[in-house]
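The structure appears below as structure tokens.
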There are 2 protein chains.
Amino acid sequence: MEEVAKVAGVSLATVSRALRTPEAVSPKLRTRIEEVSRRLGYAPNRIAGSLAGARTPLIGVIVPSLTNSFFAGTLEQMTTLFEAKGYQLMIGQHGYDTDREERIVAAFASWNPSALVVTGRAHTRNTLNTLSSSACPVVEMWDHGERPLDSGIGFSNRAAGKLAARFFAEQGIAKAAFVGAILDKDDRARARAEGFRQEFLHLTRFEPLIVTANNRELGEGGSALKRVLGQQPETSAIAFSGDMLAVGAMFEADRIGLSIPGDLKILGYGDLDIARNTNPRLTTIRPPHNAIGEAVVRHVLERLEAPDTPSVNLDLGVKLILRETV
Amino acid sequence: MEEVAKVAGVSLATVSRALRTPEAVSPKLRTRIEEVSRRLGYAPNRIAGSLAGARTPLIGVIVPSLTNSFFAGTLEQMTTLFEAKGYQLMIGQHGYDTDREERIVAAFASWNPSALVVTGRAHTRNTLNTLSSSACPVVEMWDHGERPLDSGIGFSNRAAGKLAARFFAEQGIAKAAFVGAILDKDDRARARAEGFRQEFLHLTRFEPLIVTANNRELGEGGSALKRVLGQQPETSAIAFSGDMLAVGAMFEADRIGLSIPGDLKILGYGDLDIARNTNPRLTTIRPPHNAIGEAVVRHVLERLEAPDTPSVNLDLGVKLILRETV
DNA sequence: CTGTTAGCGCGTTCAT
DNA sequence: ATGAACGCGCTAACAG
């Protein structure tokens with residue numbers, strides 16, 4: 001910057017202003033400075049800039065997994081929307097491990113980000129402390145419940161589970177099952193399972209079978225189906241914690257000669273692209289995936305532009321997409 | 001930090017040392033300082049630290065898309081491996097837009113990262129300039145070719161296309177097609193398409209049909225199949241630029257009563273989890289996805305630990321996974 | 001509108 | 001082994 005200033009014949013401060021707040025510099029100097037800094041290939045040092053300015057254009061976003069297409073989608077959306085406003089996403093991933101989350105949150109907070117976005121509502125004490133003592137807006141996304149730390153934007157996973165149970169109960173199903181991926185670690189999937197169990201029991205007086213899958217991929221859907229049928233042969237309907245598991249079960253059903261929905265009804269969750277392309281097409285519950293990313297960005301931007309904007313706690317709801325597997 | 005120093009009754013420098021290089025401080029003071037800083041919830045300011053230290057623990061990684069499961073997988077892997085060494089990933093995504101890439105690279109470079117990892121070999125002049133003038137190691141991943149900017153770790157997409165063509169040619173196929181997603185933007189998919197076309201033409205003297213799909217999802221695979229059959233009804237084998245497209249085509253084939261591989265042979269690319277679960281199971285080409293992430297991390301770590309480590313240019317190769325759709 | 005000056009919070013010499 | 005002092009590159013006040 002010193003060199004630019006020297007060549008352009010101005011002071012350091014003017015160079016800084018010309019690049020940071022061009023409207024505060026006379027057009028003549030501005031163009032000259034811009035020209036010189038381009039010619040010299042000058043790139044401002046963000047680190048020094050933020051040290052002096054006490055704020056970075058960084059938004060920390062922490063998700064459990066990057067390969068989970070929901071989070072990948074949210075991140076892709078947020079990246080694009082924030083980029084347009086000059087913010088840059090700092091992405092963290094903890095693999096459903098709250099201790100790892102704690103370390104990542106601490107690391108992110110030390111960068112003085114403009115905002116911090118985390119997934120879900122289950123955090124360690126320390127995470128909570130770090131989050132609440134950081135000066136920036138904090139958003140908990142992808143879940144909904146009472147009293148978020150700061151702002152909450154998502155939907156009730158428990159309600160999603162209940163919706164599935166109610167749907168099955170209305171069809172007069174007595175023997176149902178819920179297959180969930182890593183229910184021990186994924187508290188949102190667990191909330192759906194729990195909502196399903198409670199509501200189904202409440203409405204039908206039958207206790208549904210709950211089965212845990214080891215991951216959210218197709219192969220596990222197939223083997224989970226076998227386990228369900230082994231433990232509860234009369235099962236006539238299964239709800240899954242993800243579309244991929246559901247599709248895996250459909251493939252497996254095909255292999256063992258079960259017809260869908262005749263012999264077995266299948267309900268997915270996610271409404272991924274694949275859901276409207278299988279044969280038969282998959283009935284599924286759609287979370288507000290696009291709405292979440294948009295709402296988070298909009299809210300954070302508002303808070304950043306008008307710091308007195310109040311926190312929010314939004315429930316964006318879920319939707320049953322009726323197709324052909326139920 | 002000042003507060004910690006005061007409470008512990010030492011100087012700022014000693015606090016810094018106790019936290020940064022504990023072995024340089026007497027055990028007594030060290031434990032006292034650690035205790036105090038924990039009690040006070042002191043979190044060092046990374047920004048100030050890097051300004052003084054002239055290097056950040058940040059690794060910039062730029063991919064075209066986060067929802068593409070290959071890149072998501074590589075990122076997830078890299079996140080975990082780098083995290084274990086105290087590095088933090090800074091992730092960027094440009095949606096196959098080289099101008100956006102240029103801006104992201106510039107933004108990342110201004111953070112003084114420890115390393116910069118980009119996807120592919122096609123970049124704008126400015127990107128190339130920024131990259132080569134940044135002091136850190138630079139890795140171009142997911143593709144292979146002559147003379148990378150600094151280090152290259154990937155495989156030859158052209159060779160992958162040729163492999164598919166050779167495989168079809170050996171089966172005596174005359175009417176073949178290649179369906180690729182966004183071939184206008186994704187230069188790696190285009191390299192596969194081009195390799196396929198050249199090799200198939202070379203071996204059979206038949207020009208294959210090349211069709212572009214608008215995205216890499218299942219729905220597009222189905223409609224691409226219809227387009228292929230419309231333009232070249234005698235097509236007996238199709239290679240796809242992605243497994244999801246291939247599976248979409250399989251579903252569509254099922255709907256229109258085409259049997260696979262009897263009436264139509266299908267070859268995927270990616271070897272996603274779904275490939276070994278469809279009925280019939282999908283024959284596909286597997287890129288070295290896990291090997292890429294690992295190799296990038298290993299190489300970057302080596303360069304960081306021993307700065308005189310030479311650059312590399314690795315071709316990790318692809319593999320044909322023979323299953324039941326060909 | 002422009003220049004001068006004072007830090008931002010820490011790592012790192014250099015003395016001691 | 002410890003402390004004092006400097007400076008990393010820039011932005012924000014202030015003065016002119």
Side-chain angles (χ1 to χ4, degrees), chain A residues 1-34 36-37 40-58 86 88 106-114 133-136, chain B residues 1-34 36-37 40-58 86 88 106-114 133-136:
Chain A
M1 192 159 120
E2 204 174 321
E3 207 182 327
V4 175
K6 204 175 300 169
V7 173
V10 295
S11 73
L12 289 174
T14 307
V15 176
S16 174
R17 274 191 290 258
L19 267 31
R20 200 76 26 204
T21 48
E23 66 279 9
V25 172
S26 70
K28 234 182 74 180
L29 275 189
R30 188 197 314 169
T31 49
R32 181 154 92 228
I33 292 169
E34 279 165 355
V36 170
S37 64
L40 263 44
Y42 167 67
N45 181 330
R46 282 278 182 198
I47 306 193
S50 341
L51 218 212
R55 187 175 133 185
T56 63
L58 254 28
Q88 153 85 65
F108 278 23
S110 74
W111 283 101
N112 249 272
S114 291
S133 67
S134 78
C136 64
Chain B
M1 192 159 119
E2 204 175 320
E3 207 182 325
V4 175
K6 204 175 300 171
V7 174
V10 296
S11 72
L12 288 174
T14 306
V15 175
S16 174
R17 273 192 288 258
L19 267 30
R20 201 74 28 200
T21 49
E23 66 280 7
V25 172
S26 70
K28 232 182 75 181
L29 275 190
R30 188 196 315 170
T31 50
R32 181 153 93 228
I33 292 170
E34 277 164 357
V36 171
S37 64
L40 262 44
Y42 168 66
N45 181 330
R46 286 274 183 199
I47 306 192
S50 346
L51 218 214
R55 188 175 132 184
T56 63
L58 254 28
Q88 152 86 66
F108 279 22
S110 73
W111 284 101
N112 249 271
S114 290
S133 66
S134 78
C136 64

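Excluded from the calculations below are hydrogen atoms, water molecules and symmetry mates; all remaining heavy atoms, backbone and side chain alike, are included.
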Distance in angstrom units between Asn112(A) CG and dT11(D) P, rounded: 15 Å
Rounded to 10 degrees, the angle between the two terminal axes of the helix from dC1(C)-dG16(D) to dT16(C)-dA1(D), each from five pairs: 30°
Counting any heavy atom closer than 4.0 Å, what does Ile47(A) reach on the DNA or RNA strands: base, sugar-phosphate only, or nothing? nothing
State, yes or no, whether a side-chain contact exists between Tyr42(A) and Met1(A) at a heavy-atom distance under 4.5 Å. yes
For nucleotides 10-14 of chain C, list the nitrogen or oxygen atoms of the protein found under 3.5 Å from its nitrogen or oxygen atoms, one pair per line.
residue : atom : partner  : partner atom : Å
dC10(C) : OP1  : Tyr42(B) : OH           : 2.6
dC10(C) : OP1  : Asn45(B) : N            : 3.0
dG11(C) : OP1  : Arg20(B) : NE           : 2.6
dG11(C) : OP1  : Arg20(B) : NH2          : 2.8
dG11(C) : OP2  : Ser16(B) : OG           : 2.5

Glu23(B) has an atom CD; how far is it from atom C1' of dA1(D), in whole Å? 13 Å
Out of dT2(D), dG3(C), dT2(C), which nucleotide sits closest to the side chain of Leu29(A)? dT2(C)
Cys136(B) to Pro113(B) - nearest heavy-atom pair and separation: CB-O, 3.5 Å
Where at least one partner belongs to residues 18-34 of chain B, residue pairs that pass side-chain hydrogen bond (donor to acceptor under 3.5 Å, both in side chains), sequence neighbours excluded: none
Separation of Lys6(A) atom NZ from dG3(C) atom P, in whole Å? 15 Å
Please find the pair of heavy atoms, one from Trp111(A) and one from Thr56(A), that lie closest to each other, and give the distance. O-CG2, 3.2 Å
Under the side-chain contact (heavy atoms from CB on, under 4.5 Å) rule, collect the residues that match up with Ser110(B), sequence neighbours excluded. Arg46(A)
List for me each residue that meets side chain to side chain donor-acceptor pair (under 3.5 Å) alongside Ser114(B), sequence neighbours excluded, and say none if there are none. Arg55(B)
Glu3(A) CD to dG9(D) C1': how many Å, rounded? 14 Å
Side chains of residues 7-19 of chain B: which donor-acceptor pairs under 3.5 Å do they make with residues two or more places apart or in other chains?
residue  : atom : partner  : partner atom : Å
Ser11(B) : OG   : Ala13(B) : N            : 3.4
Ser11(B) : OG   : Thr14(B) : N            : 3.3
Ser11(B) : OG   : Thr14(B) : OG1          : 3.1

Which heavy-atom pair separates Ile47(B) from Leu51(A) by the least distance, and what is that distance? CG2-N, 3.9 Å
